[in-house]
Amino acid sequence: MHEHIENLLALLRLEKEEELEFYRKKIQRLSLEERKAEGYCWYPVKLAQQGYTIGDRAFVVVERPAENRKEHFFREGKTVNFFTRKEGARRAEFAGVVHFVDKNKMKIILNSQDLPDWSDEGLTGVDLLFDERSYAEMEKALRQLMEVKKGRLAELRAVLAGSKEPEFGQTPDIQHIPGLNASQTAAIRETLAARDVAVIHGPPGTGKTTTIVQAVKLLCQTEHTVLVCAPSNAAVDLLTERLAAQGLFVVRLGNISRVDEGILSHTLEALAASHPESKNVKKVRIQAAECRRQARRFRRQFGSEERSERRQLLEEASQLAAWADALEDRIVEQILDGAQVVTATLVGAAQKVLDKRHFRTLIIDEASQALEPASWIPILKASRVILTGDPCQLPPTVKSEAAARQGLSVTMMERCIERMPWSPMLEVQYRMHAAIMGFSNRRFYKNRLKAHESVSGHRLDIGEHFPLEFIDTAGCGFDEQVHPDSMSRFNPDEYHILREHLYQLIEAHHDRPLPTVAIISPYREQADHIRREAEQDAALAMLSLSVSTIDGFQGQERDVVYISLVRSNTKGEIGFLSDYRRMNVAMTRARKLLVIIGDSATIGNNGFYSDLLEYCEQEGVYRTAWEFMS
């Protein structure tokens with residue numbers, strides 16, 4: 001096991017260096033205007049709100065002009081630099097972490113006890129920074145894991161490493177749980193019987209989140225607090241919302257990705273703010289800040305009397321801050337003591353407030369997208385681990401090709417499924433028409449999936465049509481293009497065909513409600529191009545239309561989904577399309593109609609796509625792009 005951990009540490013270093021090199025080359029060398037244009041900077045911004053959050057840290061909420069719709073790379077949890085270009089400003093930069101981004105508004109938790117003096121004076125902006133914290137926490141967890149000699153964590157390490165077989169106790173006598181099917185109930189029985197580790201394999205649309213929620217409800221009957229984690233903030237927010245809806249007292253730690261009162265009210269920050277003692281903490285914090293502000297009045301040239309007063313003010317500020325910390329710690333302990341469920345991202349589980357806490361059960365959702373080093377962060381705090389996800393969908397994001405080749409992209413869940421082939425798979429899906437499900441079912445799930453009767457035959461209400469279409473652009477001269485800046489590929493002609501199909505779809509619904517529609521592509525440049533074109537098309541304004549990359553759309557669904565494959569070249573090069581798991585995600589988002597647009601001459605020599613084309617001919621309709629060209 002030590003050799004495996006040493007290897008993970010080495011691969012993490014490769015990944016960190018790759019990301020740091022990208023930051024140096026792609027961001028650090030750019031001018032302010034270039035950073036703005038490429039989405040790595042917001043400037044100028046205006047201050048919408050400022051204040052103090054739990055932990056004696058200042059925050060700011062900033063807005064960029066409403067007419068600025070440029071794409072950007074700011075996301076919740078990202079490390080940023082809040083800066084001013086005002087001449088003579090004292091301390092012109094404050095590092096922080098993005099708490100949320102909502103359209104043109106961003107909240108930043110600053111790594112400071114003080115608010116900037118210049119935050120509301122204009123000439124301010126936000127830069128994206130390289131984030132070392134995630135790497136530091138992963139490395140810390142692995143080193144801590146290596147040092148363990150005995151005890152429960154050593155046993156769990158042996159099981160997860162494969163040197164010890166997982167143990168199961170008596171299977172609980174649960175025959176049926178209201179609202180769950182047989183495979184979901186079987187998964188919960190296995191979860192409750194596991195002493196070390198259990199795996200729940202949840203293919204698209206099979207109610208994985210519903211199953212997790214019911215499992216947590218049952219666990220809360222016998223355990224004080226259950227820890228629930230996931231790699232992404234969006235997944236943690238969804239679980240928080242669903243668990244709280246069941247009447248459980250849920251405490252959400254860390255950054256949140258949605259500005260939603262339903263989520264905000266469950267955050268540790270909001271719960272602490274509503275605590276009866278919080279007003280006293282706030283009062284003491286303000287007094288400490290005022291003492292620090294008064295102390296800053298004294299510049300370099302001052303006498304012994306002023307020096308003494310400055311020292312007294314700083315000492316008073318320190319004492320007040322310590323008092324506020326003690327009050328706040330007591331509030332936090334009371335909240336966490338009463339929690340039935342604590343939710344956090346994997347890295348968020350490293351928060352100091354959990355340092356002395358241990359959980360009987362940890363559930364990691366989307367474990368098939370989690371880097372193994374990140375998974376170990378919350379496992380250090382647990383006695384039993386339940387891994388849920390689908391290794392046939394998107395893998396973890398690994399930027400270093402060398403690290404990926406050497407195993408960093410292999411997840412803990414994948415290794416556990418190999419060693420535990422009996423692990424339950426959820427077998428009934430509630431999303432797709434059977435024809436939409438069929439290819440993925442055969443290719444990825446050994447035909448074990450079944451479409452529930454409520455969805456197996458549901459279609460759009462527009463007369464006779466096939467729920468699955470492939471529109472072939474072969475022979476049309478729709479060659480892919482490469483954007484000179486992003487080096488991402490796009491295919492404008494492919495969108496023109498897609499748009500004509502959309503027009504026909506709208507016309508077919510002229511006297512009935514329109515379906516929800518999504519257009520997705522493996523290439524960001526294609527998604528950006530389509531989004532820009534669609535926003536300017538008045539004929540599409542009536543649609544509930546989403547445009548996204550495949551990665552960005554995971555976990556979502558719509559009535560109608562279009563997939564723009566983009567690749568069209570004489571060499572038969574397919575690039576991203578060779579990631580079949582990504583295509584599995586794309587092909588399982590549609591409820592009633594899936595339309596795939598691509599060049600059969602480019603993709604057809606690949607076995608996967610050759611099978612897909614054949615399936616579309618047999619179970620759907622195979623059309624040519626010429627039908628949509630005037």
Side-chain angles (χ1 to χ4, degrees), residues 179-185 187 200-214 230 232 234-235 238-239 241-242 245 365-366 368-369 388-394 424-462 465-470 505 513-520 543-563 580-596 612 615-616 619-620:
L180 298 190
N181 61 46
S183 64
Q184 291 170 326
T185 303
I200 300 175
H201 184 183
T206 54
K208 174 172 60 68
T209 303
T210 299
T211 305
I212 293 171
V213 168
Q214 292 302 319
S232 69
L238 175 62
L239 285 165
E241 190 173 48
R242 295 284 295 275
D365 190 22
E366 292 187 349
S368 52
Q369 293 184 56
T388 76
D390 182 10
C392 300
Q393 295 190 62
L394 288 179
M425 186 180 97
L426 307 183
E427 296 181 348
V428 182
Q429 68 85 10
Y430 299 85
R431 175 184 298 160
M432 298 161 273
H433 187 286
I436 298 173
M437 174 194 77
F439 182 74
S440 288
N441 192 22
R442 185 173 72 191
R443 188 81 190 196
F444 296 98
Y445 305 111
K446 301 177 181 177
N447 283 323
R448 291 175 60 189
L449 273 185
K450 303 173 188 67
H452 190 264
E453 59 184 14
S454 63
V455 301
S456 61
H458 68 174
R459 302 167 179 256
L460 296 175
D461 185 22
I462 54 173
H465 76 283
F466 288 94
L468 174 64
E469 297 184 25
F470 185 90
L505 184 73
L514 286 163
T516 57
V517 179
I519 304 172
I520 58 179
L543 273 179
S544 172
L545 177 63
S546 302
V547 184
S548 176
T549 61
I550 295 171
D551 295 38
F553 200 69
Q554 187 177 29
Q556 301 183 58
E557 59 186 72
R558 296 292 188 274
D559 294 327
V560 181
V561 172
Y562 292 86
I563 306 174
Y580 308 138
R581 289 188 290 185
R582 179 174 274 108
M583 281 306 300
N584 184 37
V585 171
M587 294 185 297
T588 54
R589 303 299 101 197
R591 301 185 191 110
K592 300 178 179 181
L593 174 61
L594 173 63
V595 182
I596 306 172
L612 174 61
Y615 179 82
C616 288
E619 302 295 333

With heavy-atom distances below 4.5 Å as the criterion, would you say the side chains of [X] and [Y] are in contact?
X	Y	value
Tyr445	His201	yes
Arg443	Tyr615	no
Leu543	Leu505	no

Minimum heavy-atom distance [X]-[Y], with the two atoms named:
X	Y	answer
Gln184	Gly207	NE2-O, 3.5 Å
Pro515	Leu460	CB-CD2, 3.8 Å
Ala590	Arg431	O-CG, 4.2 Å
Thr209	Arg242	CG2-NH1, 3.7 Å
Ser440	Met587	OG-CE, 4.0 Å
Ala586	Leu594	O-CD1, 4.4 Å

Nearest 0.5 Å, please: how far is [atom2] in [Y] from [atom1] in [X]?
X	Y	atom1	atom2	result
Lys592	Glu557	NZ	CD	11.0 Å
Met432	Asn441	CE	CG	8.5 Å
Lys208	Thr210	NZ	OG1	10.0 Å
Ile200	Met425	CD1	CE	13.0 Å
Leu239	Glu366	CG	CD	8.0 Å
Asp559	Leu514	CG	CG	10.0 Å

Check whether [X] reaches the backbone of [Y] with its side chain - one donor and one acceptor, N or O, closer than 3.5 Å.
X	Y	value
Gln214	Thr211	no
His452	Thr206	no
Thr588	Pro204	no
Tyr580	Cys392	no
Arg558	Arg589	no
His458	Arg591	yes

For residues Ser368 and Asp390, is any side-chain donor paired with an opposing acceptor at under 3.5 Å?
-> no
Looking just at side-chain N and O atoms, do Thr549 and Asp551 make a donor-acceptor pair shorter than 3.5 Å?
-> no
With side-chain contact (heavy atoms from CB on, under 4.5 Å) as the test, would you mind laying out the steps for Tyr562 and Leu545 before giving the verdict?
-> CA-CA 11 Å; Tyr562 292 86; Leu545 177 63; over 6 Å; no
